[in-house]
Amino acid sequence: MFWTINDNKSCEYCGQTFTSSNIGTTDHLIPKGKFRAYADVPWTWVISCLSCNLRKADYVNPSIPFIPENRDLLIEDVRINKLKITSKH
């Protein structure tokens, strides 16, 4: 499986559209500091706004298996449990 940057150029966590003053950043869905083996695995990269990236920090729910099929579930977990976002903009 291969993922690309989302077509609408918005944060995968909050849905905010990127602009010249709100640029996208690459977040490691599975924190590279805690799980170094996943740092270079493309399915773990998330395009996010700087605010969500900084607020997420090194959060990950270890009870969700780190497999490509769970990518959307891992993103949703971050959105709800760490960032407290119930719906995207």
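Computed from a predicted model, the values in this text were never measured in an experiment.
- A pairwise comparison of heavy atoms in I85 and C14 identifies CD1-CB, 3.6 Å as the closest pair.
- Heavy-atom minimum distance, E12 versus V46: CB-CG1, 3.6 Å.
- Separating the SG atom in C11 from the CZ atom in R79 is a distance of 8.0 Å, to the nearest 0.5 Å.
- Looking only at side-chain heavy atoms (C-beta outward), C52 and Q16 stay at 4.5 Å or farther from each other.
- In terms of heavy-atom proximity, T25 sits nearest to C49 at OG1-O, 3.8 Å.
- When all heavy atoms of D40 and P42 are compared, the pair lying nearest together is O-CD, 3.3 Å.
- Inter-residue side-chain proximity for W43 and N70 is flagged as unmet; no heavy-atom pair is nearer than 4.5 Å.
- A distance of 8.0 Å separates OG of S48 from CG of L50, quoted to the nearest 0.5 Å.
- Nearest heavy-atom pair, Y59 versus D77, reported as atom, atom and distance to 0.1 Å: OH-OD2, 2.7 Å.
- Few gaps surround CD1 on I67; more than 12 heavy atoms of other groups in view lie less than 6.0 Å from it.
- The pair E76-R71 fails the salt-bridge criterion, with no side-chain N (NZ, NE, NH1 or NH2) lying under 4.0 Å from an Asp/Glu carboxylate O.
- The two residues S63 and N61 come nearest to each other via the heavy atoms OG-OD1, 2.5 Å.
- No path of Ile, Leu, Val, Met, Phe, Trp and Tyr side chains, each step under 4.5 Å between heavy atoms, connects I80 with I75, placing them in separate hydrophobic clusters.
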Might you work through the side-chain contact (heavy atoms from CB on, under 4.5 Å) test for I47 and F18, ending with a clear yes or no? CA-CA 10 Å; I47 303 303; F18 301 131; 3.4 Å; yes
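- A distance of 12.0 Å separates CZ in R55 from CG in D27, rounded to the nearest 0.5 Å.
- Atoms CZ and CG, from F66 and L74 in turn, are 6.5 Å apart once rounded to the nearest 0.5 Å.
- Residues W45 and L54 do not share a hydrophobic cluster, defined by chaining ILVMFWY side chains whose heavy atoms lie under 4.5 Å apart.
- The NE2 atom of H28 sits 13.0 Å away from the CG atom of D58 when rounded to the nearest 0.5 Å.
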Assess the residue pair L83 and V78 against the criterion (side-chain contact (heavy atoms from CB on, under 4.5 Å)); give the C-alpha distance rounded to whole Å, side-chain angles, the decisive distance to 0.1 Å, and a yes or no. CA-CA 6 Å; L83 303 178; V78 169; 4.0 Å; yes
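- No side-chain N or O of N53 forms a donor-acceptor pair with one of Y13 less than 3.5 Å apart.
- Note: T19 OG1 to K9 NZ = 13.5 Å, rounded to the nearest 0.5 Å.
- Note on I64 and Y38: same hydrophobic cluster, where clusters join Ile, Leu, Val, Met, Phe, Trp and Tyr whose side-chain heavy atoms are under 4.5 Å apart, directly or indirectly.
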